[in-house]
Amino acid sequence: MLKQRIITALVLLPIALGGFFLLDGGAFALFIGAVVTLGAWEWARLAGLGAQLQRIAYAAGVAALLYGLYLLPALAPLLLLAAVLWWGAATLLVLSYPDSSRYWGGLPGKLLIGLLILLPAWQGLVLLKQWPQANGLIIAVMVLVWGADIGAYFSGKTFGKRKLAPKVSPGKSWEGLYGGLAASLLITLLVGLQQGWSASGLLLAMAGAAVVVLISVVGDLTESMFKRQSGIKDSSNLLPGHGGVLDRIDSLTAAIPVFAALLWLSGWGSL
């Protein structure tokens with residue numbers, strides 16, 4: 001398994017880096033759209049579509065919606081708003097699982113939730129790529145999420161006692177959450193000091209980082225919730241040793257649109 005993970009990572013890393021940082025405009029939107037479409041194919045399985053043709057049809061529908069969003073950039077504010085509202089609702093669903101499963105609306109509700117997860121993530125990345133210091137922003141949100149993951153792993157392994165969401169993901173602890181949050185805040189503080197941000201700017205940045213990290217945890221737990229409900233361990237086996245695409249981007253699907261929304265509210269970029 002370790003050998004598979006390493007080989008897959010070595011193959012995917014240059015593709016991901018090239019796609020994120022060398023592509024622009026329509027090519028970048030297409031690259032991210034391909035990733036999101038694969039995620040849609042996996043989500044169809046989590047939603048309960050067992051037939052391969054049904055899953056392909058759902059993925060094709062998501063691809064068509066992405067193309068429509070690309071042609072209608074004026075819809076971006078609505079999509080970011082929908083994402084913020086959805087992830088607020090998802091927090092409540094995760095905290096109240098399994099009782100909350102009654103509110104998912106069956107198959108139609110699960111398919112709609114897939115759209116609320118995937119479409120804003122694509123839109124958020126496309127917006128970040130258009131704003132000042134685009135690549136730096138993309139790196140920033142990824143470092144926040146990955147820094148939180150690493151901090152949560154070591155903190156949880158060392159100090160973890162109280163389960164964060166035992167009915168959704170028994171391996172996560174409150175101590176891990178605190179450690180992950182502390183790691184990301186420390187990264188933000190160090191960057192702010194190195195860049196010479198004002199005290200007020202640094203405080204705002206740290207508050208925003210905290211929101212993004214907490215929402216990224218909700219993104220992770222949300223996919224875990226749907227996998228647990230479906231009795232599925234991994235979203236797919238597309239990435240040998242790593243599971244599926246959604247297993248790798250679940251935290252980012254939540255963090256990216258919220259990160260973009262916060263930047264927009266701060267006046268960083270225009271919609």
Side-chain angles (χ1 to χ4, degrees), residues 19-20 25-26 28-44 46-47 58-94 104-105 108-131 134 137-138 140-142 144-145 208-209 211-226 235 244-266 268-271:
F20 275 113
F28 178 80
L30 182 61
F31 173 76
I32 301 302
V35 176
V36 168
T37 299
L38 289 174
W41 176 76
E42 293 177 344
W43 184 265
L46 295 182
Y58 181 71
V62 168
L65 288 172
L66 292 177
Y67 181 64
L69 291 171
Y70 183 74
L71 295 178
L72 297 170
L75 294 177
L78 292 177
L79 209 54
L80 290 186
L81 175 61
V84 171
L85 294 176
W86 156 246
W87 288 114
T91 303
L92 299 177
L93 294 178
V94 167
W104 296 354
K110 292 177 183 178
L111 295 178
L112 175 61
I113 287 172
L115 299 183
L116 291 171
I117 292 174
L118 295 168
L119 299 184
W122 173 88
Q123 185 68 82
L125 273 175
V126 170
L127 287 172
L128 292 180
K129 194 67 172 180
Q130 297 170 356
W131 290 348
L137 295 178
I138 294 174
V141 68
M142 289 182 174
L144 281 177
V145 172
V211 171
V212 170
V213 167
L214 292 174
I215 287 296
S216 77
V217 175
V218 175
D220 186 337
L221 290 174
T222 298
E223 196 209 349
S224 296
M225 179 175 68
F226 279 90
S235 57
V245 171
L246 286 177
D247 297 323
R248 301 278 63 82
I249 66 170
D250 49 7
S251 298
L252 288 170
T253 57
I256 287 168
V258 172
F259 182 74
L262 290 174
L263 286 175
W264 173 49
L265 290 173
S266 73
W268 187 280
S270 59
L271 296 180

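On a predicted model such as this, the values are computed, not experimentally measured, just so you know.
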Atom pairs and distances, donor-acceptor, side-chain atoms in residues 250-260, under 3.5 Å, two or more places apart:
residue, atom, partner, partner atom, Å
S251, OG, S216, O, 3.4
T253, OG1, D250, O, 2.6

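Legend: salt bridge (Lys or Arg N to Asp or Glu O under 4.0 Å) pairs involving residues 211-222, not counting sequence neighbours, sorted by first then second residue: K172-D220.
A distance of 6.5 Å separates CD of Q123 from CG of L80, quoted to the nearest 0.5 Å. One distance of note links CH2 of W122 with CG of L79; it measures 8.5 Å at 0.5 Å rounding. L125 contributes atom CG, which lies 5.0 Å from atom CZ of F28 (distance to the nearest 0.5 angstrom). For the atom pair CD1 (I32) and CD1 (I249), the distance works out to 9.0 Å, reported to the nearest 0.5 Å.
Put simply, the side chain of W87 does not reach to within 4.5 Å of the side chain of L116, judged on heavy atoms. Using a 4.5 Å heavy-atom cutoff, the side chains of Y58 and L115 are in contact. Contact check for E223 versus D247: side-chain heavy atoms found under the 4.5 Å cut-off. Contact check for L127 versus L263: no side-chain heavy atoms found under the 4.5 Å cut-off. Counting heavy atoms from C-beta on, the side chains of L30 and Y70 never come closer than 4.5 Å.
Every side chain to side chain donor-acceptor pair (under 3.5 Å) that W41 has, sequence neighbours left out, goes to Q52. Listed by chain and residue number, V168, L221, T222, M225 satisfy the side chain to side chain contact (heavy atoms under 4.5 Å, CB included) test with V94 (two or more places apart in sequence, or in another chain). By the side chain to side chain contact (heavy atoms under 4.5 Å, CB included) test, I113 is found to be paired with W43, W86, I117, F226, residues two or more places apart in sequence or in another chain being considered. With sequence neighbours excluded, the residues satisfying side chain to side chain contact (heavy atoms under 4.5 Å, CB included) with Y67 are L71. Under the rule for a side chain to side chain contact (heavy atoms under 4.5 Å, CB included), the partners of L81 that lie at least two apart in sequence or sit in another chain are L85. When the side chain to side chain donor-acceptor pair (under 3.5 Å) test is applied to K129, the partners found at least two apart in sequence or on another chain are N135. The side chain to side chain donor-acceptor pair (under 3.5 Å) search around E42 returns S235, S236, not counting sequence neighbours.
Taking both residues in full, the closest heavy atoms of W264 and P77 are given as CH2-CB, 4.2 Å, listed atom of the first, atom of the second, then distance.
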- For L246 and L118, what are the C-alpha separation, side-chain angles and deciding distance, and is it a side-chain contact (heavy atoms from CB on, under 4.5 Å)? CA-CA 10 Å; L246 286 177; L118 295 168; 4.0 Å; yes
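Just one residue in the list V36, L38, L111 forms a side-chain contact (heavy atoms from CB on, under 4.5 Å) with V62, and that residue is V36.
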